[in-house]
Amino acid sequence: AFLTLSVAQAQTAESIAKKYTDAIGGAANWKALKSVKQSIVLNTQGIDISGTFVIDASNRARVDMTAMGTKIVQAHDGTTAWWINPFSGATQPTKMPAADGKEFMAEEFLDKMIDWKKRGSTLALLGEEAINGQDCYKLKLVTKDQMETIYFIDKKTSLVAMTRATSNAQGFKQTVESYYSDYAKEGDVMISKKITTKIGGVVARTTTINSTEFNVATSDDMFAFPGN
């Protein structure tokens, strides 16, 4: 009976992941993309910080922002994560602390639910839970690198309402919850245009995506640590 229940739950988790993948545009449409560039505004402590986020199909990423007239860069080429962040004492390109770099490089071009099994992840249905009045399925995804994320998927729309993960950035272990809203179709895929992030239960920032471009040109220099 236990085996039967486990298989049934696994099939249910798999079907929920499939519905979610279809809801965001389908695996084929996402895999056809080569890169994504987004114009974003990050609001933290009442301050708006504007900038851009670029990620390509090789999972290389770069963030360029300006805060109070100060330039901030975060980038990685899949091997080395680095930043220019005067607020953290890095006025020149500097390799990120290991924990921060690992979390930054964990951001992937394809949603972790797409081809999760082929990518070596495990998926389990934990039950159901309401998030901001939305009835959601609660799933746990663990990557092959043992990074765990809890997904709360809206039962009506099959879109993610919230994710929960543990952050070890800057040497502190904290619970990070990301709330997704304002979904809109961009090209052939669906994207959340507003993400509210809570750390330790307190709103830390809100990210608004003003525009999205696909298949923008990228180069090694955009992502590589200067001097490599």
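We use all heavy atoms of the structure for the numbers below, so side chains are in, but hydrogens, waters and symmetry mates are not.
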Keeping [X] on the side-chain end and [Y] on the backbone end, is there a donor-acceptor pair under 3.5 Å?
| X | Y | answer |
| --- | --- | --- |
| D115 | K118 | no |
| S35 | V216 | yes |
| W82 | G101 | no |

Do [X] and [Y] touch side chain to side chain, with heavy atoms closer than 4.5 Å?
| X | Y | result |
| --- | --- | --- |
| M113 | V160 | no |
| H76 | E107 | no |
| K140 | E148 | yes |
| I131 | E129 | yes |
| D111 | T21 | no |
| Y180 | T163 | yes |
| T197 | I195 | yes |
| I150 | L126 | yes |

Starting at [atom1] of [X], measure out to [atom2] of [Y] and round the result to the nearest 0.5 Å.
| X | Y | atom1 | atom2 | value |
| --- | --- | --- | --- | --- |
| K198 | T206 | NZ | OG1 | 10.0 Å |
| I153 | E128 | CD1 | CD | 12.0 Å |
| L33 | D188 | CG | CG | 8.0 Å |
| K34 | T218 | NZ | OG1 | 11.0 Å |
| S121 | I114 | OG | CD1 | 12.0 Å |
| I47 | M68 | CD1 | CE | 4.5 Å |

Exercise for review: Run the salt-bridge test on D145 and K102 with the 4.0 Å N-O cut-off and return the result as yes or no.
Suggested key: no
Under 4.5 Å between side-chain heavy atoms, hopping through other hydrophobics if needed: is there a path connecting [X] to [Y]?
| X | Y | value |
| --- | --- | --- |
| Y179 | I209 | no |
| Y183 | I40 | yes |
| L110 | Y151 | yes |
| V63 | V41 | no |
| L141 | Y20 | yes |

Which atom pair, heavy atoms only, marks the closest approach of [X] to [Y]?
| X | Y | answer |
| --- | --- | --- |
| S181 | S192 | O-OG, 2.9 Å |
| D77 | A224 | OD2-CA, 3.9 Å |
| A204 | T44 | O-OG1, 3.0 Å |
| K112 | R119 | CA-NH1, 3.9 Å |
| E103 | T166 | OE2-O, 4.0 Å |
| A17 | W116 | CB-NE1, 3.9 Å |

### Query
Taking the six-membered ring of Y137 as reference, does the NZ or CZ atom of K155 fall below 6.0 Å from its centre and within a 45° cone about the axis?
yes
Review point. When you look at Q74 and M96, which way does the side-chain contact (heavy atoms from CB on, under 4.5 Å) test go after all the steps?
Key: CA-CA 9 Å; Q74 291 181 303; M96 286 187 193; 3.7 Å; yes
Side-chain donor-acceptor pairs of residues 22-30 under 3.5 Å, sequence neighbours excluded:
{"residue": "D22", "atom": "OD1", "partner": "K18", "partner atom": "NZ", "Å": "3.2"}
{"residue": "D22", "atom": "OD2", "partner": "K18", "partner atom": "NZ", "Å": "2.8"}
{"residue": "N29", "atom": "ND2", "partner": "G25", "partner atom": "O", "Å": "2.9"}
{"residue": "W30", "atom": "NE1", "partner": "I24", "partner atom": "O", "Å": "2.8"}

Given side-chain contact (heavy atoms from CB on, under 4.5 Å), test F152 with Q134 step by step and report yes or no.
CA-CA 9 Å; F152 295 84; Q134 299 168 268; over 6 Å; no
Sequence neighbours excluded and cut-off under 3.5 Å, please list the side-chain donor-acceptor pairs for residues 48-62, or say none.
{"residue": "D48", "atom": "OD1", "partner": "N43", "partner atom": "ND2", "Å": "2.7"}
{"residue": "D56", "atom": "OD1", "partner": "S58", "partner atom": "N", "Å": "3.0"}
{"residue": "D56", "atom": "OD1", "partner": "N59", "partner atom": "N", "Å": "3.3"}
{"residue": "D56", "atom": "OD1", "partner": "R60", "partner atom": "N", "Å": "3.0"}
{"residue": "D56", "atom": "OD2", "partner": "R60", "partner atom": "NE", "Å": "2.9"}
{"residue": "D56", "atom": "OD2", "partner": "R60", "partner atom": "NH2", "Å": "2.9"}
{"residue": "N59", "atom": "OD1", "partner": "F109", "partner atom": "N", "Å": "2.7"}
{"residue": "R60", "atom": "NH1", "partner": "D220", "partner atom": "OD1", "Å": "2.6"}
{"residue": "R62", "atom": "NE", "partner": "D64", "partner atom": "OD1", "Å": "2.8"}
{"residue": "R62", "atom": "NE", "partner": "D64", "partner atom": "OD2", "Å": "3.3"}
{"residue": "R62", "atom": "NH1", "partner": "M222", "partner atom": "O", "Å": "2.8"}
{"residue": "R62", "atom": "NH2", "partner": "D64", "partner atom": "OD2", "Å": "3.1"}

